[in-house]
Protein chains: 2
Amino acid sequence: PDWELVTLDGEEQLQRVFKLKNFAEAQAFTNKVGDLAEAEGHHPAILLEFGKVTVRWWTHKIGGLHKNDFIMAARTDQLFNG
Amino acid sequence: PDWELVTLDGEEQLQRVFKLKNFAEAQAFTNKVGDLAEAEGHHPAILLEFGKVTVRWWTHKIGGLHKNDFIMAARTDQLFNG
């Protein structure tokens, strides 16, 4: 599965589910994405579960998607693959 | 706000929203709860957002709530307050 377009609270968002081995690895990936978010000053929603992390990128200020969200999605993939 | 009972995918869960100052503090609290979960071998769903962490405890194996979930909820409160 790759990124999909979802609408939450009337705002379009980019969402992807990442599968990890267990909770600890999911937590570690959550931190990687969180650290990237802090570094860039752009913050996603990250749902941490056992063996699974769901990341949603969008730009609340404009109520939807900005070019930057697509860039952050691609960088999230890089964190996952790298 | 305190813990509320929610039903997701047909399973009753205990959910509480914790307000934090910013993303970094929300991430730090996510890790505290995650570390507790790993230590206890019982894993919640944790939604990390800017200034906000939503924690859900339930026992997937029984499709709902076990006494242990209420204990973990209380311990999550202790992490937040302590």
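Proteins come first, then strands; the chains are lettered A, B, ... in the order of their sequence lines, and each starts at number 1. Keep in mind it's a predicted model, so treat the numbers as computed, not measured.
The hydrophobic cluster containing L47(B), built from Ile/Leu/Val/Met/Phe/Trp/Tyr side-chain heavy atoms closer than 4.5 Å, also comprises L47(A). Counting Ile, Leu, Val, Met, Phe, Trp and Tyr side chains that sit under 4.5 Å apart, directly or through other members, V6(A) shares a hydrophobic cluster with L8(A).
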| query | Are F80(A) and V53(A) close enough, and set up right, to give a side-chain contact (heavy atoms from CB on, under 4.5 Å), and what steps lead you there? | reply | CA-CA 11 Å; F80(A) 185 71; V53(A) 174; over 6 Å; no
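Proximity to chain A is absent for every atom of A26(B), based on heavy atoms less than 4.5 angstrom apart.
Residues passing the ring-ring contact (aromatic ring centres under 6.0 Å, His included) test with F70(A): none are found, sequence neighbours excluded.
Of all heavy-atom pairs between A73(B) and L14(B), the closest is CB-CD1, 4.0 Å. Listed here is the closest heavy atom pair of P44(B) and V33(B): CG-CG1, 4.2 Å.
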Enumerate the inter-chain donor-acceptor pairs under 3.5 Å for chain A and chain B, one line per pair.
{"from": "Q27(A)", "atom 1": "NE2", "to": "N31(B)", "atom 2": "OD1", "distance (Å)": "2.9"}
{"from": "Q27(A)", "atom 1": "NE2", "to": "D35(B)", "atom 2": "OD1", "distance (Å)": "3.0"}
{"from": "N31(A)", "atom 1": "OD1", "to": "Q27(B)", "atom 2": "NE2", "distance (Å)": "2.9"}
{"from": "N31(A)", "atom 1": "OD1", "to": "N31(B)", "atom 2": "ND2", "distance (Å)": "2.7"}
{"from": "N31(A)", "atom 1": "ND2", "to": "N31(B)", "atom 2": "OD1", "distance (Å)": "2.8"}
{"from": "D35(A)", "atom 1": "OD1", "to": "Q27(B)", "atom 2": "NE2", "distance (Å)": "3.0"}
{"from": "I46(A)", "atom 1": "N", "to": "L48(B)", "atom 2": "O", "distance (Å)": "2.9"}
{"from": "I46(A)", "atom 1": "O", "to": "L48(B)", "atom 2": "N", "distance (Å)": "2.7"}
{"from": "L48(A)", "atom 1": "N", "to": "I46(B)", "atom 2": "O", "distance (Å)": "2.7"}
{"from": "L48(A)", "atom 1": "O", "to": "I46(B)", "atom 2": "N", "distance (Å)": "2.9"}

